[in-house]
Amino acid sequence: MMLLNIIMAASFAPILPLIYIMMRNTIKPKKNIIIGTTLPVEAQTDPDVTSICDSFKKWLGIATLLLIPLLVPPFFMSSFGVAMTWYMTWMVLLVVAHPIVFAVHRGRLMTLKNERGWRSSVAGQRLAEVKLAGIPVYKINNIWFLLALAVSLVPVLYVLLVGGKANAMLMPIYLTFAGTVALFWGLYYIIYHIRAEVFNEDLTLTMALTRVRRYNWGKFWIIASWITAAYNLAVWAFAVNETGILIATLVYSVIIIIISLQTEFATRAAQQKLTASDTGDVYADEDEYWFLGLIYYNPNDKQFLVNDRIGMNMSMNVAKPAGKVLMFFTALIIVAMPFLGLWMLTEERTPVNLVIDGSMFTVEHTRIAYSFPLGEIDSVELIFELPVMTKTNGSNFENLYKGNFNARGYGAVTVCMLPQNPPFLVIKIQDGTTYIFNDTDSNVTTAVYRALTP
């Protein structure tokens, strides 16, 4: 339980400073935008604007500091299901806390902006667009993405050509991350179909801003593709070593976060530098289309994907039907996150029952987990101490093992058992599969063993 808590805390904790840094960075003007509000250059140093920015920094810090100690209680919980419910609820708070602080202060800036009349002379209008075809294109050679995809497919080819039960159980993971590399390859090309980044009527500036975004966008996806391919190889190498897979996952996550930050802030810094000297009154001002400064809603825009106003990312147009659907499912996922922990809690606390009914052997846990005819059983062994086991996929809570594992002396096994409640049945069936089961009631486990070995 302690190891799992360390892993969970180590996985969640880096997200907090990441969001804090990204949000705090919005007080620095980029393309005349501060905390999601477009302001003319002369207004950016106004005392009232500075005061709002100071308040934003303070409350952003308070929200961050309040969330840090909330990662501690799970270390004192004996149930992983309860701990996971806590972590998932913490994630919901993380997702909403900083945006709420952002939205409140953005609202104050918008009120001040309207009171002072700080509007661009073309506010709400789209400046003359630069045709994408008119911007020079310098694309990454496809061979680099293709090679990354080939590397990521090595574990898949190994399973198909060589086999091995442990690796076969990980096939969904290998396919998922190979597919992720292919997805990254496709995402790279989206940037060349998005509207050019128009700040004002200066064509040269528009082209420079567009090139900056394209460069950093491409850099991120090619690096992410190779890191993901390397991660797939690492999972393959540690197929029977759960700790190795967990460490590889943690390293992969940290590296992805680092390159995300580096490319995002490189883009923002370039945008700030390129637009800092502009003091004219003709500049893009689309505040009315950005709800709370975070969500793009423009029924008049035919495009589904648009550039975020600062940085290298993109947003969907929630005014479009597809945007509404995706926004709904995103909100649903956020709201449902705590229920993942409740599901784990149910898994933990539901008893395991071994049942012999006529000619069938059945293992019941929340539902029928495993079932096969008695005639398919080759051998049954009763053991009182579990071998050293590592999870391939499934659940390994402190009081429940369920799924696919590797067991010393037995190889790949499928299990559904309470590890702290011996004895255990080791059942081998005719197709070569080995199972390890037990009942919540130790006496039932022994009785089932006797019934299977008359």
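No experiment lies behind these values; they were computed from the predicted model shown.
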Whether [X] side chain and [Y] backbone form a donor-acceptor pair below 3.5 Å:
| X | Y | result |
| --- | --- | --- |
| T350 | E347 | no |
| T228 | F177 | no |
| R213 | I191 | no |
| D439 | L354 | yes |

Exceeds 12 heavy-atom contacts within 6.0 angstrom, atom [atom1] of [X]:
| X | atom1 | value |
| --- | --- | --- |
| K28 | NZ | no |
| K219 | NZ | yes |
| D431 | CG | yes |
| F384 | CZ | yes |
| W226 | CH2 | yes |
| F372 | CZ | yes |
| F339 | CZ | no |

#### Entry: Identified side-chain contact (heavy atoms from CB on, under 4.5 Å) partner of K402 from the options L418, V363, T414, T366
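Answer after filtering L418, V363, T414, T366: T366.
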Within the 3.5 Å criterion, strictly below it, is a donor on [X] or [Y] matched to an acceptor on the partner's side chain?
| X | Y | result |
| --- | --- | --- |
| T38 | D287 | yes |
| Y296 | D301 | yes |
| Y20 | R24 | yes |
| S315 | D308 | yes |
| S152 | Y231 | no |
| S442 | N421 | yes |

Report yes if some heavy atom in the side chain of [X] is under 4.5 Å from a heavy atom in the side chain of [Y]; otherwise report no.
| X | Y | value |
| --- | --- | --- |
| L452 | I356 | yes |
| N142 | W185 | yes |
| H365 | T440 | no |

### Query
Hey, do the aromatic rings of W90 and W86 have their centres closer than 6.0 Å?
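No; W86 has its ring centre 6.0 Å or more from that of W90.
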### Rounded distance (nearest 0.5 Å) linking atom CG of N399 with atom CE of M417
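One gets 12.0 Å once the value is rounded to the nearest 0.5 Å.
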### Message
Check the orientation of F437 and Y370. Use parallel for under 30°, tilted for 30 to 60°, and perpendicular for over 60°.
### Response
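Rings of F437 and Y370: tilted, 30 to 60°.
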### Task
Indicate the ring-plane relationship of Y192 and Y188, choosing parallel, tilted or perpendicular according to the 30° and 60° boundaries.
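Judged by the thresholds at 30° and 60°, the geometry between Y192 and Y188 is perpendicular.
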